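Here is how names work: the chains are called A, B, and so on, in the same order as the sequence lines, proteins then strands, and each is numbered from 1. Quick caveat: nothing in here was measured; it's all calculated off a predicted structure.
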Amino acid sequence: MTSEIAPHLLAWYDRHHRSLPWRVTPADRAAGVVNDPYAVWLSEIMLQQTTVKAVRPYYERFLERWPTVTELASAEDEDVMRLWAGLGYYSRARNLIACARTVAGDHGGRFPETAEGLSKLPGIGPYTAAAIAAIAFDESVAVVDGNVERVFTRLYAIDTPLPKAKTEIKARVSEALPKTRAGDFAQALMDLGATICTPRSPACAICPLLEDCEAGGAGNPEAFPVKPPKKAKPVRVGAAFVAQRPDGAVLLVRRPDKGLLGGMRVVPTTGWTARQDGATGTEAAPFPANWEEKGQVIHVFTHFELRLSVFHALVTSEDKSADAFDTAMDARWSDAADLAGEALPSVMKKALTAALPDALRPRKPGRD
DNA sequence: GAAACGTGGGC
DNA sequence: TGCCCAAGTTT
């Protein structure tokens with residue numbers, strides 16, 4: 001029998017859609033307002049594994065600073081990393097730059113209009129390609145993200161563990177696709193997942209798809225989706241060294257493009273290997289100075305917990321060694337007043353604050 | 001297919 | 001407090 005999912009869902013979406021800065025409302029769309037593919041792309045990249053609440057201010061700042069993909073393509077890499085700082089998953093920012101330059105350079109400043117074309121661009125995988133194609137170009141494609149996985153495993157009580165269940169989920173979404181309003185359908189599914197069909201305590205009583213839903217009918221929606229067990233999170237140990245000049249400037253280096261915190265600014269650190277012992281003291285300092293331990297920072301990454309011992313030293317003119325810290329790691333002194341605006345990941349903001357409580361205040365920190 | 005890759009918020 | 005989670009992609 002014909003699925004009633006799309007009509008039920010779209011009727012609900014017309015009344016209850018969320019208002020989001022990157023979104024054209026159903027009413028606007030009906031009035032002929034079109035989505036800006038650049039805005040859709042930017043929001044989709046930022047929203048990967050990231051909450052709407054966290055994304056909103058970043059999205060606004062990016063769009064104001066770089067209103068078009070061509071302007072973003074011309075941006076300095078480090079300026080992009082600065083504005084991305086704190087949002088996490090920094091390879092997204094590096095891929096954002098690469099993608100903008102490809103679109104500007106190879107596609108005349110226009111995004112490809114199909115999921116297939118979009119998926120060839122850096123940072124755009126199966127989900128994002130489908131989402132942009134549906135939302136910006138109204139291509140009729142299945143847009144499957146974590147929300148959609150949750151909604152559909154519940155609708156059909158799919159108990160195959162993720163990610164193996166993805167094939168069946170995608171097939172079910174495809175057969176539920178409406179003939180029109182592909183973008184609204186995708187966004188409606190995500191809104192439903194975010195506001196009604198939530199991971200815990202879903203609001204089945206007010207769900208527009210309750211009569212279509214197997215798990216909802218059975219009263220066990222929280223049994224879905226089935227996920228594989230998680231692995232234990234190892235602890236890693238290291239040290240961070242905050243070198244400061246008498247004028248307050250702090251020595252920063254740049255992380256390599258690939259890997260953890262790639263392309264971001266940090267103070268000199270030891271490696272963060274899996275070892276539990278060893279170089280967490282001044283013997284691992286980047287150069288000799290009057291290092292003093294100021295505290296410890298614990299920061300939890302996706303796949304390990306980091307315990308960082310934070311050292312501080314006032315570097316005088318006699319400490320030539322600090323200047324010898326050369327361009328291989330792109331080292332430079334950051335003025336005290338500039339520090340808060342640097343491309344510092346959150347873990348490094350914690351470390352700096354541990355050494356210098358006022359270091360990241362917008363105004364110049366306290367004199368020495 | 002599994003592992004790497006950030007962060008802040010909710011309960 | 002600690003675990004889970006959020007519009008995934010890349011290698």
Side-chain angles (χ1 to χ4, degrees), chain A residues 17-18 20-23 39-59 81 84-96 98-99 118-136 142-151 161-164 166-167 173 183 185-195 197-202 222 225 227-236 255-264 266 272 274 297-306 343-350:
Chain A
H17 61 83
R18 287 178 295 174
L20 300 170
W22 46 84
R23 175 178 284 179
V40 174
W41 165 70
L42 181 61
S43 67
E44 288 299 339
I45 300 298
M46 288 184 166
L47 286 162
Q48 289 168 5
Q49 298 290 285
T50 309
T51 58
V52 166
K53 179 176 165 49
V55 164
R56 196 186 286 265
Y58 284 84
Y59 173 83
M81 303 315 282
W84 197 277
L87 198 55
Y89 285 139
Y90 298 102
S91 67
R92 290 184 296 171
R94 300 193 300 279
N95 284 147
L96 193 80
C99 183
L118 287 159
S119 64
K120 293 183 167 57
L121 295 167
I124 299 184
Y127 160 75
T128 304
I132 299 171
I135 297 169
V143 180
V144 182
D145 74 330
N147 288 302
V148 179
E149 288 171 357
R150 188 168 56 255
V151 170
L162 290 170
K164 183 178 278 295
K166 275 204 162 196
T167 306
V173 175
F185 181 70
Q187 293 178 96
L189 234 24
M190 293 190 272
D191 277 20
L192 189 79
T195 64
C197 195
T198 51
R200 283 160 308 191
S201 305
E222 289 185 279
K227 294 185 175 181
K230 332 199 149 10
K231 296 171 190 68
K233 196 164 288 194
V235 174
R236 298 187 189 178
R255 301 269 297 177
D257 278 331
K258 305 277 182 187
L260 190 69
L261 309 179
M264 299 298 283
V266 297
W272 303 334
V297 161
I298 296 178
H299 188 81
V300 181
F301 291 102
T302 307
H303 55 298
F304 68 94
E305 175 183 316
L306 178 63
L344 298 167
S346 291
V347 61
M348 211 37 59
K349 292 187 176 180
K350 285 187 195 175

Counting any heavy atom closer than 4.0 Å, what does [X] reach on the DNA or RNA strands: base, sugar-phosphate only, or nothing?
| X | value |
| --- | --- |
| A:Val148 | nothing |
| A:Ser43 | nothing |
| A:Val143 | nothing |
| A:Gly193 | nothing |
| A:Ile135 | nothing |
| A:Ile124 | sugar-phosphate |
| A:Pro163 | nothing |
| A:Gly262 | nothing |

Does a side-chain N or O of [X] approach OP1 or OP2 of [N] to a distance below 4.0 Å, or not?
| X | N | answer |
| --- | --- | --- |
| A:Tyr90 | B:dT7 | yes |
| A:Gln49 | C:dA6 | no |
| A:Thr51 | C:dA7 | no |
| A:His299 | B:dT7 | yes |
| A:Lys258 | C:dT11 | yes |
| A:His303 | B:dA4 | no |
| A:Lys231 | B:dA3 | yes |
| A:Arg150 | C:dC5 | no |

Measure [atom1]/[X] against [atom2]/[N] and give the value in whole Å, please.
| X | N | atom1 | atom2 | answer |
| --- | --- | --- | --- | --- |
| A:Met190 | C:dG8 | CE | C1' | 13 Å |
| A:Ile298 | C:dT1 | CD1 | P | 12 Å |
| A:Arg92 | C:dA6 | CZ | P | 15 Å |
| A:Leu96 | C:dG8 | CG | P | 16 Å |
| A:Glu222 | C:dC3 | CD | C1' | 15 Å |
| A:Leu87 | C:dA7 | CG | P | 15 Å |
| A:Phe304 | B:dC5 | CZ | P | 7 Å |
| A:Arg56 | B:dG8 | CZ | C1' | 16 Å |

ask   = Without hydrogens or angle criteria, can the side chains of A:Tyr127 and A:Gln48 be said to hold a donor-acceptor pair below 3.5 Å?
value = no
ask   = Do A:Thr50 and A:Arg92 have a side chain donor and acceptor closer than 3.5 Å?
value =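 A:Thr50 vs A:Arg92: donor-acceptor pair found between side chains.
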message = Here's a test of your reading of the structure: between A:Lys230 and A:Trp22, which maps to the more 5' nucleotide of DNA chain C?
response = A:Lys230
key: Between OG on residue A:Ser91 and CG on residue A:Leu261, distance to nearest 0.5 Å   =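 Going from OG on A:Ser91 over to CG on A:Leu261, the span is 11.0 Å.
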message = For the CD atom of A:Gln187 and the NE2 atom of A:His17, what is their distance to the nearest 0.5 Å?
response =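 Output value for this atom pair is 10.0 Å.
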key: Heavy-atom donor-acceptor pair, A:Thr302 side-chain to B:dG6 base, under 3.5 Å   =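 For A:Thr302, whose side chain was compared with the base of B:dG6, there is a donor-acceptor pair (under 3.5 Å).
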query = Counting side-chain heavy atoms from C-beta on, which of C:dG8, B:dT7, C:dT10 comes nearest to A:Asn95?
reply =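 Looking only at side-chain atoms, A:Asn95 lies closest to C:dT10.
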inquiry  = I'd like the P distance from B:dA4 over to C:dA7, given in whole Å.
reply    =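 My reading of the P atoms in C:dA7 and B:dA4 gives 23 Å.
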query = With rounding to whole Å, what would you report as the distance between C:dT1 and B:dG8 at their C1' atoms?
reply = 16 Å
ask   = Toward the 5' end of DNA chain B, which comes first, A:Arg200 or A:Lys233, by nearest nucleotide?
value =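 Looking at the nearest nucleotide for each, A:Lys233 comes out on the 5' side.
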ask   = Got a donor-acceptor contact below 3.5 angstrom from the A:Tyr90 side chain to the A:Pro345 backbone?
value =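 Checking the backbone N and O of A:Pro345 against the side chain of A:Tyr90, no donor-acceptor pair under 3.5 Å is found.
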message = Taking the six-membered ring for Trp, are A:Trp84 and A:Tyr58 closer than 6.0 Å centroid to centroid?
response = no
query = Between A:His299 and A:Phe301, does the ring centroid distance fall short of 6.0 Å?
reply = yes
